[in-house]
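To start, the structure under review is shown below, and the notes come after it.
Given the structure is predicted, the values throughout are model-derived calculations rather than measurements. Convention: sequence-line order gives letters A, B, ...; per-chain numbering from 1.
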Protein chains: 2
Amino acid sequence: MVNKEIALDTEEKIWKAATKVFERDGYAGARMQVIADEAGINKALLHYYFRSKEKLFGKIFIEKYNKFFSTLAILADQDMEFFEKIDTVIDSYMEMLLENPEMPSMLINTITHHPELIDKLNMEGAQKIRGVLQSEAEKGNIIAVESLQILTSVVGLCIMPFLAKPIAMHIFKLDMEFYQEVLNKRGPFVKKAIRAILKP
Amino acid sequence: MVNKEIALDTEEKIWKAATKVFERDGYAGARMQVIADEAGINKALLHYYFRSKEKLFGKIFIEKYNKFFSTLAILADQDMEFFEKIDTVIDSYMEMLLENPEMPSMLINTITHHPELIDKLNMEGAQKIRGVLQSEAEKGNIIAVESLQILTSVVGLCIMPFLAKPIAMHIFKLDMEFYQEVLNKRGPFVKKAIRAILKP
DNA sequence: GTCTATAGATAGATAGAC
DNA sequence: GTCTATCTATCTATAGAC
């Protein structure tokens, strides 16, 4: 069992190192040598464990995003009042963003450059939430617009301060503390904003 | 003058080709050979005109984004009622996005990987608009929140359907026509949404 | 200004010893 | 499983003929 434990440990080190480098540099910008250095192992071991750069990236990407999307699917299924459900989704989204601010841009970039990976994502959660929105609109509880307008509004309102962070901090000469405060207050702000938008 | 005309023409061909390839593949993913092919010229000519890949990218990036941001600066200076000004900014933003849907993700990516370029962007427009928001909030005409919350809301609401296009079309199995309609209706939707959000 | 040819560096991937 | 050494391909960039 000793060998297997060591193996798992190495695989984990590679996984963490590769995640970090891919997030920072993107797929095209990432270098296998850099990942190996970060993991404290040799370049050849990367290929021993994952065969190719593409496979390594694909596995990490799918695992990371499916974990997030499956959380959404669970939330959408819970038995709650509509706005409570929306709030829970926003809370979950903001929590994820605060821990992984690079996820939105990585998702967008990957789908653009590796469209084949899109099929491996489990998007039940998004479909369920869209269904909820459509049914609420039919009942007249919220404004009657295409549910995509609302869905993209929730997501856009949540992620924008994270996407804009580097550029906004620079333009307005803000320090990290100030910006962190903006991010911390974003959840409550978005909840209010969505209520205002959806009022029929 | 014949030589100069031919030179300008070649430079322009390179510019267009490079813009296309950088937008599609990103800086790290772009290849000088691909740009040369796209421009219908030889690879060596790229270096003759622009010295290096980095310089070529930097020049295109700065020109493209400063053109857009200077439009914003002009709008912010116009003598208009507040919501008329907001509407004009949204219209201008949506028009730009409909023609250049890749601009937001390219901006975000570039700032992340080439932070030195941030200093070459002229961000007067954004600063002016933030000033307008702050002064309106002080006057009590709109809700009293940090102006960054509003600024990122406007931008987030505008760009999200463009960022999400490939992934949303796939998840919900939408055709281009349907999605285009969503994009066309986005401007009016965002204007309403911002009014609802800002109401004190 | 424009081309061909190639230098020089570095990428991903593999062979083979241990 | 892990390493060193190396292959092969490909990248940016330049030299030099025209």
Side-chain angles (χ1 to χ4, degrees), chain A residues 1-62 106 109-110 112-114 116-117, chain B residues 1-62 106 109-110 112-114 116-117:
Chain A
M1 285 300 111
V2 174
N3 272 347
K4 198 170 185 185
E5 275 170 19
I6 291 170
L8 276 174
D9 200 43
T10 301
E11 198 168 329
E12 218 170 277
K13 278 194 287 183
I14 295 175
W15 193 275
K16 279 185 183 167
T19 302
K20 180 176 172 181
V21 175
F22 281 133
E23 280 170 359
R24 190 190 57 209
D25 301 338
Y27 176 77
R31 296 290 168 255
M32 294 298 264
Q33 184 62 61
V34 175
I35 294 172
D37 293 347
E38 178 76 31
I41 51 120
N42 191 278
K43 207 169 51 159
L45 264 188
L46 298 179
H47 292 93
Y48 176 79
Y49 278 95
F50 294 93
R51 275 212 73 76
S52 74
K53 181 184 179 185
E54 211 157 39
K55 283 188 169 51
L56 174 59
F57 177 78
K59 284 198 177 182
I60 290 174
F61 176 81
I62 296 303
M106 194 183 174
N109 251 288
T110 304
T112 308
H113 296 110
H114 302 264
E116 72 283 0
L117 287 177
Chain B
M1 288 302 111
V2 174
N3 273 348
K4 198 171 185 186
E5 276 171 20
I6 290 170
L8 276 174
D9 200 42
T10 301
E11 198 169 329
E12 217 170 279
K13 277 194 287 181
I14 294 175
W15 193 276
K16 279 186 183 167
T19 302
K20 180 176 172 181
V21 174
F22 281 133
E23 280 170 359
R24 189 189 58 208
D25 301 337
Y27 176 76
R31 296 291 168 254
M32 295 297 265
Q33 183 62 61
V34 174
I35 294 172
D37 294 346
E38 179 75 33
I41 51 120
N42 191 280
K43 210 171 47 162
L45 264 188
L46 298 179
H47 292 94
Y48 176 79
Y49 278 95
F50 294 94
R51 273 209 76 76
S52 73
K53 182 184 177 183
E54 209 156 39
K55 282 189 169 52
L56 174 57
F57 177 79
K59 284 198 176 181
I60 289 175
F61 176 81
I62 296 302
M106 193 184 175
N109 250 288
T110 304
T112 308
H113 296 110
H114 301 263
E116 73 282 0
L117 287 176

Heavy atoms under 4.0 Å, any strand shown: does A:Ala28 hit a base, just sugar-phosphate, or nothing?
nothing
Compare the minimum distances between each of D:dT2, D:dT12, C:dT2 and the side chain of A:Leu45, then state the nucleotide with the smallest one.
D:dT2
If I take atom CZ in residue B:Phe50 and atom P in nucleotide C:dG1, what distance separates them, rounded to the nearest angstrom?
12 Å
To the nearest 0.5 Å, what is the distance between NE2 on B:His47 and CG on B:Leu56?
9.0 Å
Mark up nucleotides 13-18 of chain D, 5' to 3', with B wherever a protein heavy atom is under 4.0 angstrom from a base atom, S wherever such an atom reaches only the sugar-phosphate, and - elsewhere.
BBB---
For B:Met106 versus B:Phe61, what's the shortest heavy-atom pair and its separation?
O-CE1, 4.4 Å
How many angstroms lie between CG in A:Leu45 and CD1 in A:Ile35, if you round to the nearest 0.5 Å?
13.0 Å
To the nearest 0.5 Å, tell me how far B:Arg51 CZ sits from B:Leu46 CG.
13.5 Å
Considering just the side-chain nitrogens and oxygens of B:Thr10, establish if one lies under 4.0 Å of OP1 or OP2 belonging to C:dT2.
yes
For A:Glu12 and D:dG1, what is the distance between atoms CD and P respectively, to the nearest whole Å?
14 Å
Would you mind reading off the distance between B:Ile14 atom CD1 and C:dC3 atom C1', rounded to a whole angstrom?
13 Å
Side-chain polar contacts of residues 16-30 of chain B - donor-acceptor pairs under 3.5 angstrom, sequence neighbours left out - could you list them?
unit_1	atom_1	unit_2	atom_2	d
B:Thr19	OG1	B:Trp15	O	2.6
B:Lys20	NZ	B:Glu38	OE2	3.0
B:Glu23	OE2	B:Lys64	NZ	2.6

Got a sec? Which of residues 34-41 of chain A come in under 4.0 Å of DNA chain C, heavy atoms?
none
Taking only residues two or more places apart in sequence, or in another chain, which ones meet A:Asn42 in a side chain to side chain donor-acceptor pair (under 3.5 Å)?
none
Test item: B:Phe57 and B:His114 side chains (from C-beta on) under 4.5 Å apart, heavy atoms
yes
Partners of B:Gln33 by side chain to side chain donor-acceptor pair (under 3.5 Å), sequence neighbours excluded?
B:Asp37
Whole-Å distance, A:Leu46 CG to C:dA13 C1', equals 11 Å
For B:Thr112, all residues meeting side-chain contact (heavy atoms from CB on, under 4.5 Å), sequence neighbours excluded:
B:Ile108
What residues, two or more places apart in sequence or in another chain, satisfy side-chain contact (heavy atoms from CB on, under 4.5 Å) together with B:Arg31?
B:Val34, B:Lys53
With rounding to the nearest 0.5 Å, note down the distance linking NZ in B:Lys13 to OG1 in B:Thr10.
5.0 Å
Selection: residues 17-25 of chain B, any non-hydrogen atom under 4.0 Å of DNA chain C
none
